[in-house]
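To start, the structure itself, in structure tokens.
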Protein chains: 2
Amino acid sequence: MATIADVARKAGVSVSTVSYALSGTRPISDETRQRIQVAMRELGYHPNAMARSLASRRSNVIALIYPEVATVGNTGGEFVQAAAQRARESGYQLVLWPFRDSEGKEMRNLARQGMADGVLVMEVCLDDDRIDILEAAKIPYAMIGRTRDVSARPSVDIDFEATVIGAIDHLAGLGHRHIAFINHSQERIDAGYGPAVRAAAAFDEQMAKRGLTALSRACEDSPVVGRKVTADLLTSDPRVTAFVTMNELATFGVYAELQARRLAIPDDVSVLGIVTSPGVGTLSYPVLSTMHSPGGELGRLAVDCLLSQLDPARQPIPNQLIACVLEPGMSIGPARTIANVDLGRS
Amino acid sequence: MATIADVARKAGVSVSTVSYALSGTRPISDETRQRIQVAMRELGYHPNAMARSLASRRSNVIALIYPEVATVGNTGGEFVQAAAQRARESGYQLVLWPFRDSEGKEMRNLARQGMADGVLVMEVCLDDDRIDILEAAKIPYAMIGRTRDVSARPSVDIDFEATVIGAIDHLAGLGHRHIAFINHSQERIDAGYGPAVRAAAAFDEQMAKRGLTALSRACEDSPVVGRKVTADLLTSDPRVTAFVTMNELATFGVYAELQARRLAIPDDVSVLGIVTSPGVGTLSYPVLSTMHSPGGELGRLAVDCLLSQLDPARQPIPNQLIACVLEPGMSIGPARTIANVDLGRS
DNA sequence: CTGTTAGCGCGTTCAG
DNA sequence: CTGAACGCGCTAACAG
């Protein structure tokens, strides 16, 4: 491996000149620059990342706290892909730190080893130790999601309120007045899982504001439970003509129960999946209309948000929210005016 | 940030003693070790990763070439998660290098900067430039998947032959003699996409060996095309009583077409999805029986395979193949003896 | 068992 | 516009 000294010797200049030519931190005459570049090419020179980091005290690496998420759908993958891509474009690399929520201390200790200049924290909860630990240690970070008090904390997140408003307006515009909402499990809501809490709050609030009837239910992430909850909803209020679901697996149960009851989608009942992964809508028949998470956009933004703190020259990025994207399917239609309970067909 | 020199001073020993206490490369008296540990604790010392890497010439980082895979299902996520986890257990970190297949040179150049000690290459094709480039540059690597000639190349992969044999034996044992196989697209087969090529070859060979009738079809990754191909298969050979699919999205089309024809699953036709992601079976009704990819296992193995080359003391890991895991659902039953074409029901 | 010290490859003052 | 030289924090001989 050729070093900077080899290049300097070959080009007949000093090492510092080569260094400056590399970083552009100082004006270099064109001729000198040429000679240096030729020398670099001929020697197959590649600057050593470790030496550079040691001397400059910046690793040019950002860490992604990568939670163990068992999910269908690939939003997480999109996020990671986009984040890695954006990091590379910005001259950084992305390392994966597979820490669980409870391993905040381990995370901080790793960060103190100087391997990463900053940290991206996924799946942040309303009350999240990790963020406190990072702040106490003065480690630059950006969170995906939000803690309860987000005022001065760098974050990017899905705009649940806008997403829910989009969903409700869409359905209400088609005459739906009794709309069910199927959330994640009560357990996750109680654990302060941001999406579950925020979306539910927004749903109830927006429905009330419009004088519509909201039927919200927590539901475990599974088709079987989704089906049970759907049955329960239809029984307890037969006027329901639309389902908004924020639970990919449960949505398959919604379809199953509707089909079992011979309720046609979308003629009798409309279904809209929100905060899903792109593509999952096409797995259902008729194709589920969805509002999918902007995983890629979030990934890029999260990186930008973090880098804006590492490099004071960059524009600081304000806390940013992105709404989910409507992916029209075939599962939404105008509301029926007759209660579905009367419509059993065989 | 405290340095090793601070620790040495505080403990009243030399820096090398601290260094050796840290690495355990040299015997240290218990008493000295105690003093050092106390000093480290009091100073909140954390060794600097960059300095360590520079001096030792090993970064303790491995890179994962992370392809842009647009897929439903989370096998990729499981792989990455498991790999990152295993790397951490082994004292390594995993960095993501989002390079496309065509960016072999860029990948090599990054590797030459010494940021990573070795490289994991996902989604390897039968003819893959990247592997040639890595070998030419003498960069340690392990591939997930296999090139055409795999003899001496470190790799881990799905055991497509064993998976296919498992699938066929299962179905043949239930009396199925005319079995359809739905593959990925012709385009991917032509591109030398390993899974598509290997599984198809294994399927035809094993079916022939058993005197069974194989109906293999390439199929784009989409429910719509999957449905068309299914219709075509049922029309061209009504004796088909079972589908083996290696195409998650197309499988939803298989279900749709069977339901449209009022063919009951599994009474009239059995369906088995192979090389799927865990959980996708539950998205279908009746629950699809699957043989899912061992993503986690592959991730761990890939890391072990690479690390065994970096550390000569480790046992070398032979090229290893892992079969997919049967996840029983409700979509497989005994074969009918009457051609399905005669069974239209309404 | 412990200490001394020369690098690892590069960034960045400071002097010219 | 260019060079010389020190230091980043640690590892690993070499010397005891």
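Below, read A as the first sequence line, B as the second, and so on, with proteins coming before strands; counting in each chain starts at 1.
Checked by atom type, the side-chain pair B/Tyr141/B/Gln309 shows no donor-acceptor distance below 3.5 Å. Side-chain contact annotation: A/Thr17 with A/Ser14, donor-acceptor N/O pair under 3.5 Å present. Under the 3.5 Å distance criterion, with hydrogens and angles disregarded, no donor-acceptor pair is assigned to the side chains of B/Ser53 and B/Arg58.
Remark: C1' of C/dC8 and CG of B/Leu54 are 4 Å apart, rounded to the nearest angstrom. Atoms CG (A/Asp6) and P (C/dC8) sit 11 Å apart, rounded to a whole Å. Nucleotide C/dT5 holds its P atom 16 Å from the CD1 atom of B/Ile4, rounded to whole Å. Nucleotide C/dC8 holds its C1' atom 13 Å from the CG atom of B/Asn48, rounded to whole Å. Taking atom CZ of residue B/Arg52 and atom P of nucleotide C/dG9, one finds them 18 Å apart after rounding to whole Å.
Sorted by first then second residue, the salt bridge (Lys or Arg N to Asp or Glu O under 4.0 Å) pairs that include residues 113-125 of chain A, not counting sequence neighbours, number zero. Sorted by first and then second residue, the salt bridge (Lys or Arg N to Asp or Glu O under 4.0 Å) pairs with a member in residues 8-19 of chain B read B/Asp6-B/Arg9, B/Lys10-B/Glu42; sequence neighbours excluded. Listed by first and then second residue, the salt bridge (Lys or Arg N to Asp or Glu O under 4.0 Å) pairs that reach into residues 77-93 of chain B are A/Glu103-B/Arg88, B/Arg86-B/Glu89, B/Arg86-B/Asp304, sequence neighbours excluded.
Take A/Ser308 and apply the side-chain contact (heavy atoms from CB on, under 4.5 Å) test, not counting sequence neighbours, and it matches A/Arg314, A/Ile317. Taking B/Tyr20 as the reference, nothing meets the ring pair (Phe, Tyr, Trp, His ring centres under 6.0 Å) condition, with sequence neighbours excluded. A/Tyr45 meets the ring pair (Phe, Tyr, Trp, His ring centres under 6.0 Å) test with no other residue; sequence neighbours excluded. Scored by the salt bridge (charged side-chain N to carboxylate O under 4.0 Å, His left out) test, B/Arg108 finds no partners at all (sequence neighbours excluded).
Taking all atoms of both residues into account, the shortest heavy-atom contact from A/Arg153 to A/Met143 is CB-CE, 3.4 Å. Residue B/Ile322 comes nearest to B/Pro294 through the heavy atom pair CG2-CG, 3.8 Å, listed as atom of the first residue, atom of the second, then distance.
For the helix from C/dC1-D/dG16 to C/dG16-D/dC1, the terminal axes (five pairs an end, C1' atoms, rotation from four pairs onto the next four) enclose an angle of 30°, given to 10 degrees.
Checking B/Val13 against B/Arg57, the closest nucleotide of DNA chain C that is more toward the 5' end is the one next to B/Val13. In terms of position on DNA chain C, the residue among B/Pro27 and B/Val15 whose nearest nucleotide sits closer to the 5' end is B/Pro27.
At a threshold of 4.0 Å, the pair A/Glu135-A/Lys138 does not count as salt-bridged, since none of the basic side-chain nitrogens sits closer than that to a carboxylate oxygen.
Residue A/Ile28 is in sugar-phosphate contact alone, with no base atom involved, counting any heavy-atom pair closer than 4.0 Å across all strands shown. Looking at heavy-atom distances under 4.0 Å, A/Ser19 makes contact with a base. Across all strands, A/Ser16 comes closer than 4.0 Å to base atoms (heavy-atom distances).
For DNA chain C, no neighbouring residue in residues 35-43 of chain A is found when judged by any heavy atom under 4.0 Å. For the segment residues 105-115 of chain B, no residue has any heavy atom less than 4.0 angstrom from an atom of DNA chain D.
Between chain A and DNA chain D, the heavy-atom contact criterion of under 4.0 Å yields a 5' to 3' nucleotide range of D/dC1 to D/dG9.
The main-chain N or O of A/Asp127 is never found under 3.5 Å from a side-chain atom of A/Arg148 such that the two would form a donor-acceptor pair. Judged by distance alone, with hydrogens and angles left aside, the side-chain atoms of A/Thr3 form a donor-acceptor pair with the main-chain N or O of A/Ala5 at under 3.5 Å.
Applying the 4.0 Å criterion to OP1 and OP2 of C/dT2, one finds that B/Thr32 has a side-chain N or O inside that range.
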Please list, pair by pair, any protein nitrogen or oxygen found under 3.5 Å from a nitrogen or oxygen in nucleotides 14-16 of chain C.
none

**Prompt:** Which is it for A/Val95 and A/Ile62 under the side chain to side chain contact (heavy atoms under 4.5 Å, CB included) test, yes or no, and what are the steps along the way?
**Reply:** CA-CA 6 Å; A/Val95 333; A/Ile62 60 185; over 6 Å; no
